[in-house]
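Below: one structure, written as structure tokens.
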2 protein chains.
Amino acid sequence: MGNEKELLNVSKATIGRLPAYHRYLQEKLAAGERTVSSTAIAEDLHLNAVQVRKDLSAIAREAGKPKLGFAVADLIADIDRFLGYDNLNDAVLVGVGGLGSALAGYSGFKNYGLNIVAAFDADPARVGTSVGGVKVFPAEELARLVRRLNVLIGIVAVPREAAQGVADELIKGGVRAIWNFAPVHLNVPADIAVKNEDMAASLAILSQRLAEILNSEK
Amino acid sequence: MGNEKELLNVSKATIGRLPAYHRYLQEKLAAGERTVSSTAIAEDLHLNAVQVRKDLSAIAREAGKPKLGFAVADLIADIDRFLGYDNLNDAVLVGVGGLGSALAGYSGFKNYGLNIVAAFDADPARVGTSVGGVKVFPAEELARLVRRLNVLIGIVAVPREAAQGVADELIKGGVRAIWNFAPVHLNVPADIAVKNEDMAASLAILSQRLAEILNSEK
DNA sequence: GTTCATTCGATATTTTTTTATCGATAAAAT
DNA sequence: ATTTTATCGATAAAAAAATATCGAATGAAC
């Protein structure tokens with residue numbers, strides 16, 4: 001893989017914005033636009049134009065052209081490449097309750113390079129069924145099957161109480177990255193990546209912004 | 001409300017971490033611990049101790065004590081107060097498909113100060129039913145009902161194609177903050193707060209970290 | 001062809017966020 | 001009582017991220 005150099009130069013903040021650019025660019029492409037300027041992107045996405053240029057130049061192979069901007073299709077390809085959207089990563093999903101089955105059913109993940117190959121649940125009634133095209137296995141088989149499938153990403157969508165145990169099993173099975181939707185802090189070794197999908201944090205930020213808006217207008 | 005001064009000094013980054021502290025502290029409280037040090041929090045949450053102290057001192061009323069640390073219960077109360085967890089904000093939910101009903105069913109939101117008072121869906125089969133204790137109304141009534149209920153927060157959990165239209169209706173109804181779970185960029189006036197629950201962005205960051213980990217170990 | 005307006009990339013500046021350092025304090029140990 | 005040690009808060013330094021500035025390039029208008 002030839003992106004070792006890239007990994008170093010691209011900031012976390014930039015990476016977080018790339019998917020938004022990606023979606024935006026696809027809209028533009030669908031609308032038949034061939035090129036787009038950083039100014040336009042910035043305006044629509046409520047960002048700073050310089051920031052957009054910097055973000056894009058960090059991952060783009062072709063430079064933007066004065067007066068025209070960037071080639072939409074090229075940029076999409078660049079982001080695909082950088083984010084690995086074009087080669088699928090296998091993952092397992094643990095917990096197919098409300099949220100879990102919503103995740104399993106979301107076909108869009110494939111577009112983001114994520115391929116859910118198996119699901120697990122502790123509830124015998126769910127075992128053996130298929131959710132969103134993904135087979136559900138008993139929780140007891142978790143570690144063993146993960147190891148056999150050679151999966152590196154685990155998605156945790158179980159109730160709070162069960163999350164830590166699930167994480168432990170995933171790690172035992174060889175998983176190296178955990179996407180955690182349970183509202184708990186997971187205790188894991190330092191060499192395991194955890195990304196908390198922290199709804200509470202999002203909500204906190206939204207509420208704060210709402211408060212600011214309401215405050216500022218009176 | 002006496003937190004105008006607070007709003008200014010507390011950084012967005014800090015606000016994003018507060019819910020994690022909150023959960024952590026509640027675990028500690030449940031475990032019977034009276035006090036906790038910034039060092040311990042930092043270690044368990046994989047943060048820097050100075051950062052933790054700064055975050056906490058930004059919202060805490062009582063200072064930490066040398067050799068003991070902070071009073072767990074006080075800190076929880078301080079975060080509750082700062083984040084408004086103790087006074088509920090009403091919200092409406094639009095879209096009760098897989099993700100939407102998972103959200104409606106998640107009772108934990110009440111703990112985060114969010115109270116879903118009504119849900120909407122375009123599918124007549126869903127209208128009239130109740131999801132997670134929340135009644136589902138027809139999409140046509142959205143703007144009218146939102147206005148009548150005087151709700152300021154809207155949660156968008158509809159398919160991509162429908163999201164912009166829903167956002168428009170919400171705003172027409174008087175909503176000032178939108179929590180967007182649809183994978184699209186919403187076009188809204190500048191005085192409306194939007195928080196995108198951007199799964200793709202989270203996934204991008206997780207993948208990147210996974211790549212780093214795998215890279216560093218070989 | 002010349003001018004104009006738009007956009008770029010590069011560099012510099014500012015702001016924000018994180019991390020390091022250090023003296024002071026108070027609980028615990030001697 | 002004295003010493004030791006864990007912890008704090010404050011201040012300083014460093015790192016990261018966002019924003020501003022400006023000359024150069026180039027397509028479009030005249």
Side-chain angles (χ1 to χ4, degrees), chain A residues 6-21 24-25 28 33-72 74-75 78 190 198 201 204-205 208-209 212, chain B residues 6-21 24-25 28 33-72 74-75 78 190 198 201 204-205 208-209 212:
Chain A
E6 280 178 341
L7 287 178
L8 272 82
N9 307 12
V10 183
S11 81
K12 215 164 149 176
T14 295
I15 292 169
R17 281 185 297 267
L18 291 178
Y21 295 136
Y24 178 85
L25 290 166
K28 290 294 159 189
E33 303 187 23
R34 297 293 189 74
T35 62
V36 63
S37 74
S38 63
T39 327
I41 298 177
E43 187 155 340
D44 289 342
L45 261 39
H46 296 119
L47 297 170
N48 179 291
V50 179
Q51 183 172 65
V52 173
R53 280 206 292 281
K54 258 185 118 186
D55 285 346
L56 295 182
S57 74
I59 56 106
R61 288 185 158 161
E62 310 278 341
K65 281 187 186 168
K67 193 79 182 187
L68 285 183
F70 296 83
V72 174
D74 287 359
L75 277 188
D78 288 334
D198 194 340
I205 290 167
Q208 213 67 18
R209 285 222 298 265
E212 274 168 28
Chain B
E6 279 177 342
L7 287 178
L8 272 83
N9 306 14
V10 182
S11 80
K12 214 164 150 176
T14 295
I15 292 169
R17 280 186 297 266
L18 289 179
Y21 294 137
Y24 178 85
L25 291 165
K28 289 295 160 188
E33 304 188 23
R34 296 293 189 75
T35 62
V36 63
S37 73
S38 63
T39 326
I41 299 177
E43 187 156 338
D44 289 343
L45 262 39
H46 296 122
L47 297 170
N48 178 290
V50 179
Q51 185 173 65
V52 172
R53 280 206 292 282
K54 257 186 117 186
D55 285 345
L56 295 182
S57 73
I59 54 107
R61 287 184 158 163
E62 311 276 341
K65 282 186 185 170
K67 192 79 180 187
L68 285 183
F70 296 84
V72 175
D74 288 359
L75 277 188
D78 288 335
D198 193 339
I205 291 167
Q208 213 66 20
R209 285 223 297 267
E212 275 169 28

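The sequence lines fix the lettering, A, B, ..., with proteins before strands; numbering per chain opens at 1.
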For this session: Determine the contact category for Ser38(B): base if any of its heavy atoms lies under 4.0 Å from a base atom, sugar-phosphate if only primed atoms, P, OP1 or OP2 are that close, otherwise nothing.
Result: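 Sugar-phosphate contact only.
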Quickly work out the [X] [atom1] to [N] [atom2] distance and round it to whole Å.
X        : N       : atom1 : atom2 : answer
Phe70(B) : dA26(C) : CZ    : P     : 15 Å
Asp55(A) : dG9(C)  : CG    : C1'   : 14 Å
Glu43(A) : dT19(D) : CD    : C1'   : 17 Å
Glu62(A) : dG9(C)  : CD    : C1'   : 15 Å
His46(A) : dT19(D) : NE2   : C1'   : 17 Å
Gln51(A) : dA10(C) : CD    : P     : 17 Å
Leu56(B) : dT18(C) : CG    : C1'   : 15 Å
Lys12(B) : dT15(C) : NZ    : P     : 18 Å

Exercise. If you draw a 6.0 Å radius around CD in Glu33(B), do more than 12 non-hydrogen atoms from other residues or ligands fall strictly inside?
Worked result: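 Yes, CD of Glu33(B) has more than 12 neighbouring heavy atoms, counting only those of other groups under 6.0 Å.
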For this session: Examine dT7(D): is either OP1 or OP2 under 4.0 Å from a nitrogen or oxygen in the side chain of Ser37(B)? Give yes or no.
Result: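 Affirmative; the distance criterion is met.
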Exercise. If you check every side-chain atom of Ala63(A), which of dC8(D), dT19(C), dG9(C) has the closest atom?
Worked result: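 Nearest to the side-chain atoms of Ala63(A), counting from C-beta on, is dG9(C).
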Problem set entry | Candidate nucleotides dC8(D), dT7(C), dT17(C), ranked by approach to the side chain of Ala13(B) - the nearest |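 Nearest to the side chain of Ala13(B) among the choices is dT17(C).
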Would you list the protein and nucleotides 20-28 of chain D atom pairs, both N or O, that sit under 3.5 Å from each other?
from: dG27(D); atom 1: N2; to: Lys67(A); atom 2: NZ; distance (Å): 3.4

For this session: For Lys54(A) and for Lys54(B), locate the closest nucleotide of DNA chain D by heavy-atom distance; then report the residue assigned to the nucleotide nearer the 5' terminus.
Result: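 Nearest nucleotide further toward 5': that of Lys54(B).
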For this session: May I ask you to test the Arg17(A)-Leu47(A) pair for a side-chain heavy-atom distance under 4.5 Å?
Result: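 The answer is yes; the side chains approach within 4.5 Å.
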Exercise. Would you call Leu45(B) and Val52(B) a side-chain contact if the rule is heavy atoms closer than 4.5 Å?
Worked result: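 No, too far: nothing below the 4.5 Å cut-off.
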Exercise. Are the side chain of Asp55(B) and the backbone N or O of Thr14(B) linked by a donor-acceptor pair below 3.5 Å?
Worked result: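 The answer is no, because no donor-acceptor pair under 3.5 Å joins these two groups.
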For this session: Apply side-chain contact (heavy atoms from CB on, under 4.5 Å) to Tyr24(A) and Asp44(A), showing your working.
Result: CA-CA 9 Å; Tyr24(A) 178 85; Asp44(A) 289 342; 2.5 Å; yes
Problem set entry | The single option from Val36(A), Asp74(A), Asp78(A) passing side chain to side chain contact (heavy atoms under 4.5 Å, CB included) against Leu25(A) |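 Output: one option passes, namely Val36(A).
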For this session: Can you measure from CD1 (Ile59(A)) to NZ (Lys54(A)) and round to the nearest 0.5 angstrom?
Result: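 Spacing of CD1 (Ile59(A)) from NZ (Lys54(A)) equals 14.5 Å.
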